[in-house]
> 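Encoded as structure tokens, here's the structure I'll be asking about.
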Amino acid sequence: MKINDAERDALYKVIFSRRDVRKDFISTPIPNDVLERILKAGHHAPSVGFMQPWDFILVTEDQTKNALKKGYESASLESAQKFSDEKRGEYQSLKLEGILEAPLGVCVTCDRERNGPVVIGRTIKPEMDLYSTVCAIQNMWLAARAENIGLGWVSIIHDDVLRETLGIPDNIEIIAYLCLGYVSNFNDKPELEEFGWLPRGDINQLIHKEKWTNKA
Ligand SMILES: Cc1cc2nc3c(=O)[nH]c(=O)nc-3n(C[C@H](O)[C@H](O)[C@H](O)COP(=O)(O)O)c2cc1C
């Protein structure tokens, strides 16, 4: 099957217009068929040795979201202490999650023991199962954007809060908590870029020919 030009352009449009979303969520629920497509996109990600180590925990109840929001708030306070005095105020003014506003939360996990102790391709670098799960998340992120659904990754929360709130067993690795929902707006640029926190780097500084070169 060949990809035609319009299909290629659509893919790049999705890639370049994907954003991490934490505000502008609206309450419209995500229809089941749309959610199924997004989860299926995740499940069709590449995985080391075709291990498919992921699970997806769907969160819709306010009580669960409230517990996670509390976890975020204390982790955020703890995080603020790590920034310099001059950056701390700026950090605290950023909105870095949409746990309560997003109609759906999805916790993505990695079962490091799935399909046996020896997995093709994971014999030398065991962390490949974690990377595979991140591939699933990126597929979901792009699929969500193609559905005009915003997705935001919340990493400012301790695993034990997610583990306890969502009943995740100790042998399962927690990779991400994602907030999903329709949005009133997708920003053209990353919010951190708009805000002046960091610019996008110059790709030419990141490409090396044949060997690593130290660039200014
Ligand atoms: C692994 C990972 C963790 C992230 N965690 C957070 C987070 O906790 N809160 C947040 O607001 N954004 C989080 N982000 C989003 C990044 O800030 C965002 O991707 C980056 O600023 C570029 O913006 P864009 O995704 O809109 O292009 C995370 C992104 C990744 C890939």
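Counting starts at 1 for both ligands and their atoms, following the listed order. The residues of the chain are indexed from 1 along the displayed sequence. In this text, all values refer to a predicted model and were calculated from it rather than measured experimentally.
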> At a non-hydrogen distance cut-off of under 4.0 Å, which region of Arg19 contacts ligand 1 (side chain, backbone, both, or neither)?
both

> For atom 21 (O) of ligand 1, what is the closest protein heavy atom, and at what distance to 0.1 Å?
Leu192 CD1, 3.6 Å

> Which residue owns the protein heavy atom closest to atom 29 (C) of ligand 1, what's the atom, and how far is it?
Trp141 CH2, 4.1 Å

> Looking at Glu7, I want to see if its CD is surrounded by more than 12 non-hydrogen atoms of other residues, nucleotides or ligands under 6.0 Å.
yes

> Starting from atom 4 (C) of ligand 1, which protein heavy atom do you reach first, and at what distance in Å?
Ser155 OG, 3.5 Å

> What are the atoms of ligand 1, with element, lying closer than 4.0 Å to any heavy atom of Arg22?
10 (C), 11 (O), 12 (N)

> Heavy atoms only: give me the nearest Lys65-Ala102 pair and the separation to one decimal.
NZ-O, 2.9 Å

> Starting from the C-alpha separation in whole Å, work towards a yes-or-no answer on salt bridge (Lys or Arg N to Asp or Glu O under 4.0 Å) for Arg88 and Asp85.
CA-CA 5 Å; Arg88 188 170 308 122; Asp85 288 350; 3.1 Å; yes

> Between ligand 1 and Glu193, can you find any atom pair, the residue atom being a heavy atom, that is separated by under 4.0 Å?
no

> With atoms numbered from 1 as shown, which atoms in ligand 1 lie under 4.0 angstrom from a non-hydrogen atom of Ile156?
8 (O)

> If you count the non-hydrogen atoms of other residues, nucleotides and ligands that lie under 6.0 Å from CD in Glu86, is the total more than 12?
no

> Tell me, do Asn66 and Leu100 make a side-chain contact under 4.5 Å, heavy atoms counted?
yes

> Protein non-hydrogen atoms only, distance under 4.0 Å: does atom 13 (C) of ligand 1 have such a neighbour?
yes

> Quick check: closest heavy atoms across Tyr72 and Ile156, and the distance to 0.1 Å?
CD1-O, 3.2 Å

> Could you tell me the residue and atom name of the protein heavy atom closest to atom 18 (C) of ligand 1, and the distance to it rounded to 0.1 Å?
Asp20 CB, 3.8 Å

> Please list the nearest protein heavy atom to atom 23 (O) of ligand 1 with its residue and the distance rounded to 0.1 Å.
Pro190 CB, 3.2 Å

> Which heavy-atom pair separates Val161 from Gly71 by the least distance, and what is that distance?
CG1-CA, 4.0 Å

> Between Asp24 and Lys95, does any NZ, NE, NH1 or NH2 come within less than 4.0 Å of an OD or OE carboxylate oxygen?
no

> Heavy-atom distances under 4.0 Å are what count here, so tell me which part of Val154 touches ligand 1: side chain, backbone, both or neither.
backbone

> Considering non-hydrogen atoms of the protein only, which is the closest contact for atom 9 (N) of ligand 1, and what is the distance?
Leu96 O, 2.9 Å

> Out of Trp197, Phe186, Phe16, Trp153, whose heavy atom is nearest to atom 7 (C) of ligand 1?
Trp153

